[in-house]
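First up is the structure itself, then whatever we jot down about it.
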Amino acid sequence: MLEKNFDPKTAEQRLYAMWEGSGAFAPSADPAAEPFSIVIPPPNVTGSLHIGHALNNTLQDVLTRFERMRGKAALWLPGTDHAGIATQMVVERQLAAAGNIGRRDMGRDEFIAKVWEWKAESGGTITNQLRRLGASCDWSRERFTLDEGLSAAVRKVFVTLHKQGLIYRDKRLVNWDPHFQTAISDIEVEQKEVDGAFYHFAYPLEDGSGEIVVATTRPETMLGDTAVAVHPSDERYKGLIGRAVRLPIVNRPVPIIADEYADPEKGSGAVKITPAHDFNDYQVGKRNNLPMINIFTDDAKINENAPAEYQGLDRFAARKKVVAAFEELGLLREIEKTRHAVPHGDRSGVVIEPYLTDQWYVDAKVLAQPAIKAVEEGRTVFEPRHWEKTYFEWMRNIEPWCISRQLWWGHRIPAWYGPDGKIFVAETEEGAKALAREHYGHDEPLRQDDDVLDTWFSSGLWPFSTMGWPEKTSDLERFYPTSTLITGFDIIFFWVARMMMMGIHFMGEVPFDRVFINALVRDAEGKKMSKSKGNVMDPLELVDDYGADALRFTLTAMSGQARDIKLSRQRIEGYRNFGTKLWNAARFAQVNGCARAEGFDPANVKGVLNRWIVGETVRTAHSITKALEGCSFDGAANGLYRFIWNTFCDWYVELSKPLLNGADEALKAETQATAAWALDVILKLLHPVMPFLTEELWAQTADLGAPRGEGMLITARWPQLSDTLIDPDADAEIGLIVAAVSEGRSVKAELNVPHSARPALLVVDATDAQRTVFQTNAAVIAQTLRVAEVSFVEQAPQGAIPFVVNGATLALPVAEFIDLAAERARLAKEITGHASDIAHVMKKLGNPAFVANAKEEVVEENRERLAESEAAKAKLEHALSLLEAVV
RNA sequence: GGACGUGUAGCUCAGCGGGAGAGCACCUCGUUGACAUCGAGGGGGUCACAGGUUCAAUCCCUGUCACGUCCA
């Protein structure tokens, strides 16, 4: 017999090993099977599973298991990302903590060797954690962005784009991260509101005839000023254009120029221009051919282009010193407190410097065009659709993508420099040498570019590089484009957009048919989980405490679109209980001899209760299938919850008890067979969300009755049931019983009828059809409603409590327990309810426009409702008058 | 400043043109041979606000307010 509870601790590991060992995770080799593929958003190789991963991967697993059971060749392709900056940062920190020398002292080769060591040590952590979650990835196809195959793909893409002129080297302002001392891309910059100040500085005119006041939040950059700009139409400054100020401290004359960038409304209307350290000023500088003076070193200290006493100062120290100097010179006019946006590195957290350097760029503007078109034409569809707007917004305003990073951990840029700086781009050093020989006419020593590529460059190739591109593999042939991508909105720019551009450019086809954007998981208070806030929930801990299925069900049920998920332990506990509920329903079935019958056909079921549960099961199978097809994961989970708990356990199991203990052997046997059938369907429908518990139940009920002939549940056939199995008569009949029992319970509870009392249920007034239902189901009703019997009377006896169900008047003779006041209150409440309903519907039906314009069935429905309510109200009023008469 | 999203029961969220729903929390009752990780019953909402479209609006449109996120 089944134990009282499912024990995830012992079962999960065993079941996962069984699945993996059986090869169930690999896509079907059947060439007739329709392919279905998902590539995993590769987690950082050295990372560990956080709750966002748990959500994202649960949803991918739900879809993969669903499609696998539907008979598709389902591939969920796993892998990890080398995550350039993030990993290098972690390893550097580790080395420092262990008292090692820094990476610069260590040297490139030795440092990279250390990172690989680290990867070997901790690289398996996250994939093992995915296994604990139940992820049915095909591990035989696992990839890593820095493995040889993917690196070859990266080199090929770089060389190809370079040849096509879509990758180029350029000197321009970049976002410079002084902590990591590397360039980063625009989207790696986070604008943060911070408290700061506008410092109003007076710059004396060179001829000593006056001064011009400029304001800045970054005083130290004045050391690199090369102009003061005013608006060309600003009357105040017309006469000054073309003249010069003498830059204090630096003592350098700089011109006063006219440029529309200066906003007459802001401050004094004049603005200092530092072309080498501000994106706007850079544009002004280019327009006006201003010199660009870089005043910083790579780690944001003042360099040799500034006066000696500033050199070597940190940028923030320099700021103070500059302000102090202005004050001393009597040129500090005002310090105005303000809050303003300051760029920060998303990884380092330090203030980003606009910095003039040589970097490699991708011409994203060109690549974006077909990627925009693909979504416009619906070749790739976002789900929910509104994320397409976010995608378009960014893609239509895309800037050149800076792809070089001054890091060591990553794909080294396949570019070599000759002695004269001439660049040779090739997939191999030999290739570059050949190009150089051709160019110089002889061999020259070449030096490879020191930089590596942005991590997202290689992840951008993920949907095809993982399948073996540039080789023409059978996987590419079969599984590209992938079916669905499931990811978070935070990487639409970083990742989804890049995959769209690269996929279309190199494969000629979009990388995925559908992109499902999942919600962001937050803590119970709605705060973003972060280590610094200390509110992170460790999914592994939750798996330990409640089992993987409970966590998976919770995340699935809460994955409603366009919303944050506020996760609480209470919720997970509730869904753990749900699993226990199903487990015990199966245990009940087993105890009562429910077993699969040889040749059982739900179409041939005779008993009304059985016909009803067959129909309900069919409806559920349809709605769950539809929900999963449409990525309505929460809808699927909630539908399963309702059906299993409220329909199957609360009603079918309860109503089946008299049949299973009854004398009608044929009906008993049919009920046993039907229950077993329904449970098998339930296990299948629930399996994608709760794979462990369902697989375990499947295994433990394998010997009950006829063999299934379907092997493990993970590869069992998804239920395909015909609508013809739904029987409206059975629905009506069971509907009446359910309503009668519910209402009867309500009456008993509200009137405080003692639990031990067993009155009769009196059928006072009902149609012939209804009488038949009460008659044939008397035993069921008696047990479920806990009444002595069901009997038929002409008139309710004195003091019996009447209630109306589906137009029929029933009564409970519980006079001895009656609290008159309570009963009066109950009746009055019911009558009021009906009265307001009647008023509402009458108003509607009294409106000629409604009758004329509304759909016929809506009008009819309202007429019926009115008749029903009026009849019920009349009966209850009659009962109330009898009650008053007693008094 | 721009874009997007969200405002429904105490909390978390479904629903989305024709009778306001679930889970949790709360209150009352219950040791019924599957399950106390349970069962039965109950209270609780001018569906943010104001206009409009419609026979009919929580749902569609416009505006306002509040909150959130992203981009400047």
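Values below: every heavy atom of this structure, side chains too, minus hydrogens, waters and symmetry copies. Within every chain, numbering begins at 1; the chains are lettered A, B, ... in the order of the sequence lines, protein sequences first and strands thereafter.
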Taking the side chain of [X] as heavy atoms from C-beta outward, which of [options] is closest to it?
| X | options | value |
| --- | --- | --- |
| K844(A) | rG18(B), rC4(B), rG41(B) | rG18(B) |
| H840(A) | rU69(B), rG19(B), rA34(B) | rG19(B) |
| E750(A) | rU37(B), rG41(B), rG19(B) | rG41(B) |
| F850(A) | rC55(B), rG39(B), rA34(B) | rC55(B) |
| N577(A) | rG19(B), rU37(B), rG43(B) | rU37(B) |
| M558(A) | rU12(B), rG39(B), rG43(B) | rU12(B) |
| K829(A) | rG5(B), rG42(B), rC55(B) | rG42(B) |

Provide, to the nearest angstrom, the distance between the [atom1] atom belonging to [X] and the [atom2] atom belonging to [N].
| X | N | atom1 | atom2 | value |
| --- | --- | --- | --- | --- |
| I644(A) | rA22(B) | CD1 | C1' | 16 Å |
| F493(A) | rU69(B) | CZ | P | 15 Å |
| F648(A) | rA34(B) | CZ | P | 13 Å |
| W387(A) | rC71(B) | CH2 | P | 11 Å |
| E190(A) | rA72(B) | CD | P | 12 Å |
| E193(A) | rG1(B) | CD | P | 12 Å |
| R642(A) | rA22(B) | CZ | P | 10 Å |
| N397(A) | rC70(B) | CG | P | 18 Å |

Any salt bridge linking [X] with [Y]? Criterion: basic side-chain nitrogen under 4.0 Å from a carboxylate oxygen.
| X | Y | result |
| --- | --- | --- |
| K844(A) | E861(A) | no |
| R865(A) | E868(A) | no |
| E870(A) | K873(A) | no |

Any protein N or O atoms within reach of nucleotides 24-26 of chain B? Criterion: under 3.5 Å, listing atom names and distances.
| residue | atom | partner | partner atom | Å |
| --- | --- | --- | --- | --- |
| rC24(B) | O2' | Q570(A) | OE1 | 2.7 |
| rC24(B) | O2' | Q570(A) | NE2 | 3.1 |

Taking both distances under 3.5 Å as the test for a Watson-Crick or G-U pair, what stems of at least three pairs does RNA chain B have? B:1-7 with B:65-71, B:10-13 with B:21-24, B:26-30 with B:38-42, B:48-52 with B:60-64

Reading RNA chain B from 5' onward, which residue's closest nucleotide shows up sooner: E868(A) or D650(A)? E868(A)

Using a 4.0 Å heavy-atom cut-off across all strands, classify [X] as base, sugar-phosphate, or nothing.
| X | result |
| --- | --- |
| D837(A) | base |
| R576(A) | base |
| N638(A) | nothing |

Report the C-alpha separation of E654(A) and V741(A) in whole Å, then their side-chain angles, then the decisive distance to 0.1 Å, and conclude whether the side-chain contact (heavy atoms from CB on, under 4.5 Å) test is met. CA-CA 11 Å; E654(A) 289 309 316; V741(A) 170; over 6 Å; no

When the [atom1] atoms of [N] and [M] are considered, how many whole Å apart are they?
| N | M | atom1 | result |
| --- | --- | --- | --- |
| rU32(B) | rG39(B) | P | 13 Å |
| rG17(B) | rA57(B) | P | 14 Å |
| rG10(B) | rU46(B) | P | 8 Å |
| rA22(B) | rA9(B) | P | 13 Å |
| rA48(B) | rG7(B) | P | 8 Å |
| rG45(B) | rC49(B) | P | 15 Å |
| rC24(B) | rU37(B) | C1' | 15 Å |
| rG68(B) | rA25(B) | P | 29 Å |

With the side chain counted from C-beta on, respond yes when [X] and [Y] share a heavy-atom pair under 4.5 Å apart, and no when they do not.
| X | Y | result |
| --- | --- | --- |
| K581(A) | I644(A) | no |
| V375(A) | M500(A) | yes |
| N661(A) | N592(A) | yes |
| F588(A) | K657(A) | yes |
| W583(A) | Q700(A) | yes |

Run the numbers on L542(A) and R576(A) for side-chain contact (heavy atoms from CB on, under 4.5 Å), then give the verdict. CA-CA 11 Å; L542(A) 297 172; R576(A) 188 266 322 266; over 6 Å; no

Can you list the residues that meet the ring-ring contact (aromatic ring centres under 6.0 Å, His included) rule with F553(A), with sequence neighbours excluded? Y575(A), F578(A)

Rounded distance (nearest 0.5 Å) linking atom OG1 of T617(A) with atom CG of L685(A): 8.5 Å

Answer with yes or no whether [X] presents, from its side chain, a donor or acceptor under 3.5 Å of a partner atom in the base of [N].
| X | N | result |
| --- | --- | --- |
| E654(A) | rA34(B) | yes |
| K581(A) | rC35(B) | yes |
| R865(A) | rG19(B) | yes |

Member of F489(A), Y391(A), W387(A) meeting the ring pair (Phe, Tyr, Trp, His ring centres under 6.0 Å) criterion with F382(A): Y391(A)

Please, which pairs that meet salt bridge (charged side-chain N to carboxylate O under 4.0 Å, His left out) have at least one residue in residues 543-552 of chain A, sequence neighbours excluded? D61(A)-R552(A), R132(A)-D544(A), D545(A)-R569(A)

Step by step, would you call K389(A) with E393(A) a side-chain contact (heavy atoms from CB on, under 4.5 Å)? CA-CA 6 Å; K389(A) 291 179 184 167; E393(A) 191 65 21; over 6 Å; no

Nucleotide by nucleotide, nucleotides 28-33 of chain B touches protein heavy atoms under 4.0 Å in the pattern (B base, S sugar-phosphate only, - none) --S-B-

Of the residues in residues 851-863 of chain A, which ones touch RNA chain B at a heavy-atom distance under 4.0 Å? N853(A), A854(A), K855(A), V858(A)

Evaluation steps, side-chain hydrogen bond (donor to acceptor under 3.5 Å, both in side chains), between Y652(A) and N610(A): CA-CA 8 Å; Y652(A) 181 70; N610(A) 293 329; 2.7 Å; yes

Please check the phosphate of rA40(B) (OP1 and OP2 only) for any side-chain N or O of S746(A) closer than 4.0 Å. no

Taking everything shown except E260(A) itself, do over 12 heavy atoms lie less than 6.0 Å from its CD? no

